[in-house]
Amino acid sequence: MSLLTIALPTGRTAKQAASVLEKAGIRFPDYHSKTRKLVMLDETKTIQLILVKTADLPTYVEKGAADIGMIGKDVILENQPDVYELADLHIGKCKVAVAGFPNQSLKVDGPLTIATKYPVITESYFEEKGISIETIKLNGSIELAPLIGLSDVIVDIVETGTTLKENGLIVLAEMMDVSTRLIVNKARFSTKTEQIESMIEKRKKALE
Ligand code: PRP
């Protein structure tokens, strides 16, 4: 049997995603939340785990470098990879929101400047609202942008709300709820159907 490769994102959901696999009886002896190892095998040596940067994960699955991936709906909507989205894992739950200073208006003279990791999601949301914007693409520490005058507001994920609070910012508008999804490479879903379905089945049983 060929190896089944599963990609998990490094960062905050990795631990939860690894625990979904563990509950399904798929254990990676070398995995722990602080590991710097990027590729590891499960106990049966039939499943390979790779740890990749969150924003890159859709590419690994779309190109077939990984057969399966676990990734946030926010990243899927932003990257729109050509993959199958097979299940909601009900972990990594958070909101995508517009945030800024208390009492701040989204109506400004000229375009509203928005710092975000999510320019695609942001542009589509504000286009629908008929609000003219200019996005500034950043890769992290988004909350810093309005504090130092780089943007009027931000669009980012909010999970506990701690980062906003500690920086004197609040949610001005909730855009959508997101959670971690299971995505599968389209061609591999045909060639490795049995292995992929067995993994999905194990996960479902673990939830029951
Ligand atoms: C994410 C996001 C927010 C924060 C929200 O950043 O971009 O900054 O988490 O979480 P909270 O509501 O629980 O505070 P992440 O931790 O992924 O780091 P980053 O700034 O490097 O993107």
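Throughout, residue positions are numbered sequentially from 1 according to the sequence presented. Because the structure is a prediction, the values reported are computed rather than measured. As the structure lists them, so they are numbered: ligands from 1, and atoms in each ligand from 1.
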### Task
Nearest 0.5 Å please: distance from the CD atom of Glu194 over to the CD atom of Glu197.
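If I round to the nearest 0.5 Å, the distance is 8.5 Å.
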
### Query
Between CD of Gln48 and CD1 of Ile6, what distance do you get to the nearest 0.5 Å?
10.0 Å

I need the atoms of ligand 1 closer than 4.0 Å to a non-hydrogen atom of [X], numbered in the order shown.
{"X": "Gly140", "answer": "19 (P), 20 (O), 21 (O), 22 (O)"}
{"X": "Thr162", "answer": "12 (O), 14 (O)"}
{"X": "Val158", "answer": "12 (O)"}
{"X": "Thr163", "answer": "4 (C), 5 (C), 8 (O), 10 (O), 11 (P), 14 (O)"}

### Task
Consider every N or O of Ile142 and every N or O of ligand 1, then say whether any pair is closer than 3.5 Å.
no

#### Entry: Test: Arg12 and Glu159 ion pair at under 4.0 Å
yes

### Message
I'd like to know if Lys93 and Asp177 make a salt bridge, using a cut-off of under 4.0 Å between side-chain N and carboxylate O.
### Response
no

Under a 4.5 Å cut-off applied to non-hydrogen side-chain atoms, are [X] and [Y] in contact?
{"X": "Asp156", "Y": "Glu143", "value": "yes"}
{"X": "Asn167", "Y": "Leu147", "value": "yes"}
{"X": "Lys117", "Y": "Asn139", "value": "no"}
{"X": "Ile71", "Y": "Thr54", "value": "yes"}

[atom]: which protein heavy atom is closest, and how many Å away?
{"atom": "atom 11 (P) of ligand 1", "answer": "Thr160 OG1, 3.3 Å"}
{"atom": "atom 1 (C) of ligand 1", "answer": "Arg12 NH2, 3.9 Å"}
{"atom": "atom 5 (C) of ligand 1", "answer": "Ile157 O, 3.4 Å"}
{"atom": "atom 2 (C) of ligand 1", "answer": "Asp156 OD2, 3.2 Å"}

### Task
Check each of Glu143, Lys117, Glu166, Lys165 against atom 17 (O) of ligand 1 and report the one with the nearest heavy atom.
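It is Lys117 that holds the nearest heavy atom.
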
### Message
Yes or no: does Ser141 have any heavy atom under 4.0 Å from an atom of ligand 1?
### Response
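It does; at least one heavy atom falls under 4.0 Å.
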
